[in-house]
Chemist: 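For reference, the structure I am asking about is given below.
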Amino acid sequence: MSVSSSGRVSLDEQWEVLRRGVEAIVPEDEFRKKLERSIASGVPLRVKYGIDPTGIDVHLGHTVPLRKLRQFQDLGHTAVIIIGNYTALVGDPSGRDETRSSLTEEQVAVNAKDYLRQVGRIIDLDRAEVHHNGDWFSTWSFLDVLDLMRHMTLGQMSAREDFAKRLKAEKPVYLHECLYPLMQGWDSVEVKADVELGGTEQLFSLLVARSLQQSESQSPQVALTMPILVGTDGTRRMGKSLGNYIGVAEDPVTQFAKVMSIPDEPMRQYFTLLTDLPIAEVDALLAPGLNPRDAKEALGKAIVTQYSGSELADHAASEFRRRSSGEDPTEIPDITIPRDGLDPDGRLAVPHLIVALGFESSTSNARRTIEGGGFNYGPDRVVTTDVKERIEVVDGLLVRVGKKKIARIKLG
RNA sequence: GGGUGGAUACCCAAGUGGUUAAAGGGGCCAGACUGUAAAUCUGGUGGCUAUGCCUUCGCAGGUUCGAAUCCUGCUCCACCCA
């Protein structure tokens with residue numbers, strides 16, 4: 001992007017970058033004005049993003065708003081990260097069809113540290129402001145809480161889709177959950193946010209902040225919502241508990257393989273939200289008639305590169321090609337099998353071998369896999385479906401279960 | 001405080017005395033196909049020293065030749081009325 005003589009990026013260029021992939025900007029004209037004012041005055045916008053330290057694995061779904069925040073940073077604006085160590089005690093009800101299990105303060109404190117480390121892979125933390133909302137909430141008196149609660153009615157609260165759904169389904173809505181959007185909104189007051197980022201389902205909370213800010217005579221923030229990234233199953237939102245996520249801390253080969261396993265349909269969404277590839281290039285890759293495989297490979301490389309560099313991304317891609325063409329991966333983990341677990345003649349029943357390697361959780365399970373033809377060994381990939389077979393276990397023996405599990409045996 | 005309904009395997013959910021290790025669906029695993037996937041098809045989805053044995057339907061007792069199913073107590077959950 002070109003930088004004007006004043007050292008600032010022009011409005012149109014900022015607009016172009018910032019609106020990419022965005023679901024909604026509420027209200028849009030206010031956002032434009034804020035940008036204009038910022039450019040004219042040289043005062044960066046304060047862009048807030050809140051994270052509740054509820055888990056530990058940051059996945060690509062989380063990176064959607066984080067990447068947007070990074071774009072703001074790169075345009076000279078100020079990233080204001082709120083670690084929601086107090087909101088985490090409540091549990092965000094947004095988009096949930098049940099109450100979140102609440103965490104203890106200790107858990108939250110541990111998670112928060114870990115979170116920042118992971119977030120640092122996307123955000124330049126040296127240039128970001130980081131706040132914990134417990135810093136202010138922990139000092140509050142009961143009267144302060146009452147005053148906060150005055151800002152919203154039961155009707156407003158129960159109108160939100162997630163609560164309404166639960167009420168209809170006769171599932172519980174706890175009162176403390178109602179506090180959540182108010183707390184999140186108050187964070188915006190504390191940090192004087194100009195813009196707040198969030199997922200689509202966050203819109204309600206993002207708008208609560210506007211009215212709280214106005215009541216405190218602040219200029220209300222603009223809500224900028226990002227679409228919810230679908231998971232590797234291509235249908236449901238990406239989430240740890242759904243097992244359809246790609247973690248930012250996962251190794252390159254796994255990340256790449258997971259990207260390749262997504263259905264074709266969400267590819268455009270992934271390109272738009274997870275890469276900086278110009279849209280024109282994306283269009284070219286996804287043009288009808290081309291093998292979607294190639295587009296997906298480009299996508300996988302682009303994503304893995306962000307976390308591990310292009311060298312490792314290329315390596316991951318070639319590994320994947322090897323494996324899908326039926327070859328073994330270049331790097332096969334050694335797994336030690338204790339010698340004294342073997343028969344006097346150095347043999348071991350196949351189900352026990354599989355369990356010893358950690359490929360199956362029980363011998364019963366291992367038997368089923370074997371009977372289904374999911375087990376083979378040696379360079380010639382000898383398949384046996386006989387659960388009673390005892391194979392000779394020697395150093396360096398290759399053992400495979402399914403397509404993904406492979407190990408080289410080391411006798412110990 | 002009163003009332004009603006509920007708790008079954010990873011999840012949802014059938015089953016109200018005996019071919020019930022427990023229907024069906026989802027998810028997951030394996031196999032076939034493929035573009036790597038998706039879709040589709042096939043098989044599987046409590047454990048074990050394995051053609052037999054052991055354990056499981058909220059918890060603890062009881063009735064019975066036999067209980068997920070009947071009885072008693074308990075725990076937990078939801079909704080409704082106050």
Side-chain angles (χ1 to χ4, degrees), chain A residues 96-99 101 158 163-175 177 230-246 253-271 285-301 303-304 313 316-327 329 341-343 347-377 381 383-390 399-406:
Chain A
R96 301 277 299 192
D97 54 9
E98 54 187 64
T99 307
S101 51
S158 57
F163 284 168
K165 240 194 234 164
R166 274 201 244 165
L167 289 169
K168 204 177 164 204
E170 302 197 327
K171 285 185 174 170
V173 175
Y174 291 93
L175 290 180
E177 294 184 79
V230 298
T232 52
D233 57 4
T235 43
R236 295 170 301 171
R237 62 180 296 158
M238 185 174 284
K240 192 183 176 188
S241 57
L242 296 175
N244 60 356
Y245 73 101
I246 304 174
V253 173
T254 306
Q255 282 186 335
F256 188 84
K258 282 188 175 182
V259 172
M260 292 306 272
S261 78
I262 67 168
D264 295 345
E265 292 70 36
M267 272 204 281
R268 177 172 293 275
Q269 189 193 35
Y270 273 49
F271 270 120
L285 280 166
L286 296 179
L290 298 180
N291 191 340
R293 198 203 106 97
D294 298 327
K296 217 173 276 176
E297 193 174 77
L299 175 65
K301 280 189 190 178
I303 290 171
V304 174
S318 67
E319 271 305 290
F320 188 80
R321 276 186 179 258
R322 275 179 75 92
R323 211 178 297 188
S324 56
S325 63
E327 291 173 63
L342 304 180
D343 289 353
R347 289 170 180 275
L348 188 58
V350 181
H352 290 106
L353 177 61
I354 292 177
V355 172
L357 291 169
F359 287 165
E360 296 287 351
S361 54
S362 66
T363 54
S364 301
N365 229 330
R367 284 167 164 250
R368 292 180 207 114
T369 304
I370 295 160
E371 282 166 354
F375 164 79
N376 72 74
Y377 64 98
R381 296 168 183 261
V383 176
T384 178
T385 53
D386 178 9
V387 297
K388 286 186 187 151
E389 181 159 340
R390 310 176 80 82
V399 176
R400 307 173 193 84
V401 172
K403 285 180 189 123
K404 291 164 198 152
K405 286 172 257 180
I406 179 164

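Everything numeric in this text was worked out from a predicted model, so none of it was measured. Here is the naming used below: chain letters follow the sequence lines, and residue numbers restart at 1 for every chain.
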Chemist: Any Lys/Arg nitrogen of A:E297 or A:R321 sitting under 4.0 Å from an Asp/Glu carboxylate oxygen of the other?
Modeler: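 Counted as a salt bridge, because a side-chain N and a carboxylate O are separated by less than 4.0 Å.
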
Chemist: Using atom NZ of A:K388 as one end and atom P of B:U51 as the other, report the distance to the nearest whole Å.
Modeler: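 It works out to 6 Å between those atoms.
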
Chemist: Can you check the distance between B:G46 and B:C57, where both ends of the measurement are the C1' atom (answer in whole Å)?
Modeler: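 Here B:G46 and B:C57 have their C1' atoms 12 Å from each other.
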
Chemist: Return the nucleotide paired to B:A78: Watson-Crick means purine N1 to pyrimidine N3 with N6-O4 or O6-N4, wobble means G-U with N1-O2 and O6-N3, both under 3.5 Å.
Modeler: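 Matched B:A78 with B:U4 under the 3.5 Å cut-off.
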
Chemist: Say you pick atom C1' in B:G66 and the same atom in B:A32; how far apart are they, in whole Å?
Modeler: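 Their C1' atoms lie roughly 45 Å apart.
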
Chemist: Regarding A:S364, tell me which of base, sugar-phosphate or nothing describes its non-hydrogen contacts under 4.0 Å with the strands shown.
Modeler: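 Base contact - A:S364 has a heavy atom under 4.0 Å of at least one base atom.
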
Chemist: Pick the P atom in B:G47 and in B:C81, then give their distance to the nearest Å.
Modeler: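 It comes out at 46 Å once rounded to the nearest Å.
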
Chemist: In Watson-Crick or G-U wobble terms, both distances under 3.5 Å, what is the partner of B:A9?
Modeler: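 For B:A9, the partner nucleotide comes out as none, under the 3.5 Å rule.
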
Chemist: Between the base of B:A50 and the side chain of A:T363, is there any donor-acceptor pair under 3.5 Å?
Modeler: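 Side chain to base: pair found, below 3.5 Å.
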
Chemist: Output a table of donor-acceptor pairs, distance under 3.5 Å, between side-chain atoms of residues 254-269 of chain A and any protein atom two or more places apart or on a different chain; print 'none' if there are none.
Modeler:
| residue | atom | partner | partner atom | Å |
| --- | --- | --- | --- | --- |
| A:T254 | OG1 | A:D251 | OD1 | 2.6 |
| A:T254 | OG1 | A:D251 | OD2 | 3.1 |
| A:Q255 | NE2 | A:G247 | O | 2.8 |
| A:Q255 | NE2 | A:V248 | O | 3.3 |
| A:K258 | NZ | A:Y245 | O | 3.0 |
| A:K258 | NZ | A:E250 | OE1 | 3.2 |
| A:K258 | NZ | A:E250 | OE2 | 2.9 |
| A:S261 | OG | A:K258 | O | 2.8 |
| A:D264 | OD1 | A:K296 | NZ | 2.8 |
| A:R268 | NH1 | A:D283 | OD1 | 2.8 |
| A:R268 | NH2 | A:D283 | OD1 | 2.9 |
| A:Q269 | OE1 | A:V230 | N | 3.4 |
| A:Q269 | NE2 | A:I228 | O | 3.1 |

Chemist: To the closest 0.5 Å, what do you measure between CD1 (A:I370) and CG (A:N365)?
Modeler: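 It is 10.0 Å, given to the nearest 0.5 Å.
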
Chemist: Is the shortest heavy-atom distance from the side chain of A:V399 to the side chain of A:L353 under 4.5 Å?
Modeler: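 Yes - at least one pair of side-chain heavy atoms lies under 4.5 Å apart.
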
Chemist: Tell me which nucleotide, if any, is Watson-Crick or G-U wobble paired with B:G66 when both distances must be under 3.5 Å.
Modeler: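 Check on B:G66: unpaired, no WC or wobble geometry under 3.5 Å.
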
Chemist: Could you check which nucleotide pairs with B:U40 in any of the strands shown, counting Watson-Crick or G-U wobble with both distances under 3.5 Å?
Modeler: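 Pairing partner: B:A32.
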
Chemist: If you take all heavy atoms of A:P329 and A:I406, which pair is closest and at what distance?
Modeler: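 Heavy-atom minimum between the residues: CG-CG2, 4.0 Å.
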
Chemist: Taking only the C1' atom of each, what is the distance from B:G15 to B:A9 in whole angstrom?
Modeler: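 These two C1' atoms come out 14 Å apart once rounded.
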
Chemist: Quick check for you: to the nearest 0.5 Å, what is the distance between A:R368 atom CZ and A:T363 atom OG1?
Modeler: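 So the CZ of A:R368 and the OG1 of A:T363 are separated by 9.0 Å.
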
Chemist: Is any side-chain nitrogen or oxygen of A:H352 closer than 4.0 Å to OP1 or OP2 of B:U49?
Modeler: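 It does, given that an N or O in the side chain of A:H352 lies less than 4.0 Å from OP1 or OP2 of B:U49.
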
Chemist: Counting only Watson-Crick pairs (N1-N3 plus N6-O4 or O6-N4) and G-U wobbles (N1-O2, O6-N3), all under 3.5 Å, who is the partner of B:U20?
Modeler: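 Partner of B:U20: none found under 3.5 Å.
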
Chemist: Looking only at atom P, what distance separates B:A30 and B:C74, rounded to whole Å?
Modeler: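 Their P atoms lie roughly 48 Å apart.
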
Chemist: Judged by each residue's nearest nucleotide on RNA chain B, which is more toward the 5′ side, A:S362 or A:T232?
Modeler: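 Result: A:T232.
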
Chemist: Mind checking whether A:L285 and A:F271 have side chains closer than 4.5 Å, heavy atoms only?
Modeler: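 Side chain of A:L285 against side chain of A:F271, heavy atoms only: contact under 4.5 Å found.
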
Chemist: Let me know, please, whether A:V355 or A:S261 comes out on the 5' side of the other along RNA chain B by nearest nucleotide.
Modeler: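 Result: A:S261.
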
Chemist: I need the CD-P distance between A:Q269 and B:A37, as an integer number of Å.
Modeler: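 Result: 22 Å.
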
Chemist: Taking any strand in view, what nucleotide pairs with B:U51 in a Watson-Crick or G-U wobble way, both distances under 3.5 Å?
Modeler: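 In the structure as shown, B:U51 has no Watson-Crick or wobble partner.
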
Chemist: Provide, to the nearest angstrom, the distance between the CZ atom belonging to A:R321 and the P atom belonging to B:A37.
Modeler: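 Answer to the nearest Å: 13 Å.
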
Chemist: State which residues pass side chain to side chain contact (heavy atoms under 4.5 Å, CB included) with A:E389; sequence neighbours excluded, sorted by chain then number.
Modeler: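 Checked A:E389 against side chain to side chain contact (heavy atoms under 4.5 Å, CB included); matches are A:V350, A:Y377, A:T384, A:D386, A:I391.
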
Chemist: Roughly, in whole Å, what's the span from CZ in A:R367 to P in B:G52?
Modeler: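 Rounded to the whole Å, the gap is 13 Å.
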
Chemist: Output the rounded distance in Å from CG (A:L299) to P (B:A38).
Modeler: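 Interatomic distance, CG of A:L299 to P of B:A38: 16 Å.
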
Chemist: Write down the distance separating the C1' atoms in B:C59 and B:C77, rounded off to the nearest Å.
Modeler: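 It works out to 15 Å between them.
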
Chemist: How far, in whole Å, is B:C53 from B:U16 if one measures between their P atoms?
Modeler: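 Between the two P atoms, the distance is 28 Å.
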
Chemist: Base contacts versus sugar-phosphate-only contacts with protein, heavy atoms under 4.0 Å: please encode nucleotides 30-35 of chain B as B, S and - from 5' to 3'.
Modeler: SS---B

